[in-house]
Number of protein chains: 2
Amino acid sequence: MVTLTRSEEDHLKAVYALLQDGESAFTKDIAARLNTKASSVTDMLKKLAEKGFLKHEPYYGAKLTAKGTAHALTLVRKHRLWETFLVERLSFGWDEVHEVAEQLEHISSPKLVDRLDDYLGNPRFDPHGDPIPDRQGKLRVRKTKRLDTCTTGDTVRIAAVSETTDGLLRLLDSKGLRIGSVLTVQELHAFDGSMDVKPKSGAAFSLSKDVSHHLQVESN
Amino acid sequence: MVTLTRSEEDHLKAVYALLQDGESAFTKDIAARLNTKASSVTDMLKKLAEKGFLKHEPYYGAKLTAKGTAHALTLVRKHRLWETFLVERLSFGWDEVHEVAEQLEHISSPKLVDRLDDYLGNPRFDPHGDPIPDRQGKLRVRKTKRLDTCTTGDTVRIAAVSETTDGLLRLLDSKGLRIGSVLTVQELHAFDGSMDVKPKSGAAFSLSKDVSHHLQVESN
DNA sequence: AATAAATATTAGACGAGACTAATAATCGGA
DNA sequence: TCCGATTATTAGTCTCGTCTAATATTTATT
Ligand SMILES: [Mn+2]
Ligand SMILES: [Mn+2]
Ligand SMILES: [Mn+2]
Ligand SMILES: [Mn+2]
């Protein structure tokens, strides 16, 4: 087995993440995600392609090979398990774990991840509601939709937060929203895309498009 | 605060470790410890000296500054806390943790270490019997002696294993020896430096000099 | 269809961290 | 005390990961 550097792994993970939304992962998007420059990304894509983790079609982005997907899934698994550990066991806030997990996901030990998984009771979802790939790299996908695609009258449960920037998470905290919270859409404002929602208990409030766009919900 | 790279931290830790035995840490010993070349070490010593972590007297080795000692102690603290976590919580063997801790000690998070410390119940010693520096970097030293300096009739308790190579640890396992085991020295063999010892319960057996040299013991 | 804008790649540079080979300093034994 | 062995440093090279600037390609707009 080839071992990848931290930077290679971060690029691989970025490609994986971008492929969740689109057909292909593009240089500029990878660069944006990793706070780096397009030229650096091109170099990395070449290298990862050479090592067989992805196919790079110059000017048309990158797609993962089976090998690349498998490795990306181990990273996602580690990342989410560590986040779960930090929140469940070390009392971190869900807005405080991303950076650390970004480091911890690169720790390479055959035993560590699986032991951690067992220790945590084989959790299915991380603190942000994202599914944790199992030992075999299998990822249980739920059918969720974005809150901003819901319409008046829908009652839904928050399943996941798809962007884990601390600002968003703290905003949700301040509104009392968390994974599992149940909301009813009361009104949509076409002007700014904001929506008024009413939690199960408590007064209704407004959510901007920026927020509702990043909330994955499932029907209640 | 300056942040150090993994390699810089490993060099710093090597210097710290070597200073426990000697007045000064020498290039070749650091190189041996890190499986690298003397010339690489010289470069690193220069860099660490420039950053104020140590004093490098060319041809006469290195000594840590207060800043260097403080940082080394945070690394030792992290290393030993992670080892404790792996053994106590994830059921790793004491011979399986060093490599992983060697990686984990470089994870940089203001919160993580202290939370982990609390989570583990603020342990005083790691799985190899080595003391864990506290939050302030204070290290409680015990007065121990090496088993190979004991004489016939001495009854002692194993306090620590000073070399954590898996081979040694597994050998100890196979003889039923662990931290806290109580032994009586029965006979010394000048020829090869081996000694016969009798555990509290069970038959006496022999320990080579190589082994007894690395066992730190305290009077029972 | 022509051209401007956006995106991507290539070329060339740089610093970090490693190495080998050459040189220098120190140490230890005769 | 001298000389060879040991240890250390310096000089020069290499790879890796990043950057900027120059160039190329694709895409969007008129
Ligand atoms: Mn990462
Ligand atoms: Mn997450
Ligand atoms: Mn290390
Ligand atoms: Mn230890």
Side-chain angles (χ1 to χ4, degrees), chain A residues 1-15 17-19 21-64 68 71 75 102-103 105-106 108, chain B residues 1-15 17-19 21-64 68 71 75 102-103 105-106 108:
Chain A
M1 251 306 95
V2 195
T3 71
L4 300 181
T5 64
R6 176 170 179 176
S7 180
E8 289 172 325
E9 289 192 330
D10 282 336
H11 281 77
L12 193 62
K13 206 158 61 93
V15 172
L18 288 166
L19 288 175
D21 303 324
E23 261 299 289
S24 205
F26 295 101
T27 305
K28 81 167 162 50
D29 299 317
I30 301 169
R33 210 164 241 275
L34 300 178
N35 283 308
T36 183
K37 302 296 170 177
S39 54
S40 310
V41 172
T42 302
D43 288 348
M44 253 335 175
L45 290 181
K46 265 189 213 158
K47 184 148 59 125
L48 287 170
E50 238 154 54
K51 295 192 179 182
F53 289 91
L54 51 78
K55 294 286 178 206
H56 181 214
E57 191 84 46
Y59 294 102
Y60 294 92
K63 291 188 209 310
L64 295 177
H71 194 94
L75 294 170
E102 205 53 53
Q103 298 177 60
E105 71 191 356
H106 304 289
S108 150
Chain B
M1 253 302 98
V2 194
T3 71
L4 300 181
T5 65
R6 176 169 178 177
S7 180
E8 289 172 326
E9 289 191 331
D10 282 335
H11 281 77
L12 194 63
K13 206 157 61 92
V15 171
L18 288 166
L19 288 175
D21 303 323
E23 260 299 290
S24 205
F26 295 100
T27 305
K28 82 166 161 52
D29 299 318
I30 300 169
R33 210 164 240 274
L34 300 178
N35 282 308
T36 184
K37 303 294 170 180
S39 53
S40 310
V41 172
T42 302
D43 288 347
M44 250 339 172
L45 290 180
K46 263 188 216 159
K47 184 149 58 123
L48 287 170
E50 237 155 54
K51 295 191 179 182
F53 289 91
L54 51 78
K55 295 284 177 208
H56 181 215
E57 190 85 45
Y59 293 101
Y60 295 92
K63 292 189 208 309
L64 294 177
H71 194 93
L75 293 170
E102 204 52 53
Q103 298 177 60
E105 70 192 356
H106 305 289
S108 150

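Please read these numbers as outputs of a predicted model, since none were measured by experiment. Naming: A, B, ... by sequence-line order, numbering from 1 per chain.
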Starting at [atom1] of [X] and ending at [atom2] of [N], how long is that distance when rounded to a whole Å?
| X | N | atom1 | atom2 | answer |
| --- | --- | --- | --- | --- |
| Leu34(A) | dC19(D) | CG | P | 10 Å |
| Tyr60(A) | dA6(C) | OH | P | 19 Å |
| Phe26(A) | dT25(D) | CZ | P | 18 Å |
| Glu57(B) | dA25(C) | CD | P | 15 Å |
| Glu8(A) | dT18(D) | CD | P | 10 Å |
| Arg33(A) | dT7(C) | CZ | P | 17 Å |
| Arg6(B) | dA18(C) | CZ | P | 10 Å |
| Asp43(B) | dC19(C) | CG | P | 10 Å |

Lys/Arg N to Asp/Glu carboxylate O, Arg33(B) vs Asp29(B), below 4.0 Å: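 No salt bridge links Arg33(B) with Asp29(B).
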
Report yes if at least one side-chain N or O of Thr36(A) is closer than 4.0 Å to OP1 or OP2 of dC19(D); otherwise report no.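 Indeed, a polar side-chain atom of Thr36(A) lies that close.
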
At under 4.0 Å, does any side-chain N or O of Thr42(A) touch on OP1 or OP2 of dT9(C)?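 So the side-chain polar atoms of Thr42(A) do come within 4.0 Å of the phosphate oxygens OP1 or OP2 of dT9(C), strictly under.
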
For the side chain of [X], starting at C-beta, report the closest nucleotide among [options].
| X | options | value |
| --- | --- | --- |
| Lys28(B) | dT9(C), dT7(D), dC19(C) | dT7(D) |
| Pro58(A) | dT18(D), dA8(D), dT9(C) | dT9(C) |
| His11(A) | dT10(C), dT18(D), dA8(C) | dT18(D) |
| Lys37(B) | dT26(D), dT7(D), dC19(C) | dC19(C) |
| Thr27(B) | dT26(D), dT9(D), dA18(C) | dT9(D) |
| Met44(A) | dA8(C), dT26(D), dT18(D) | dT18(D) |

For the residue pair His11(A) and Leu45(A), establish whether any side-chain heavy-atom pair is separated by less than 4.5 Å.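 Result no, sub-4.5 Å side-chain heavy-atom pair not found.
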
Would you indicate whether the side-chain heavy atoms of Arg6(A) and Glu102(A) approach each other to under 4.5 Å?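 Glu102(A) reaches Arg6(A) side chain to side chain.
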
So what does Ser40(A) touch, heavy atoms closer than 4.0 Å: a base, only the sugar-phosphate, or nothing?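 Base, at least one base heavy atom under 4.0 Å.
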
5'-most contact on DNA chain D: His56(B) or Tyr59(A), nearest heavy atom basis?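 Between the two, 5'-proximity favours His56(B).
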
Between the base of dT20(D) and the side chain of Ser39(A), is there any donor-acceptor pair under 3.5 Å?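 Side chain to base: pair present.
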
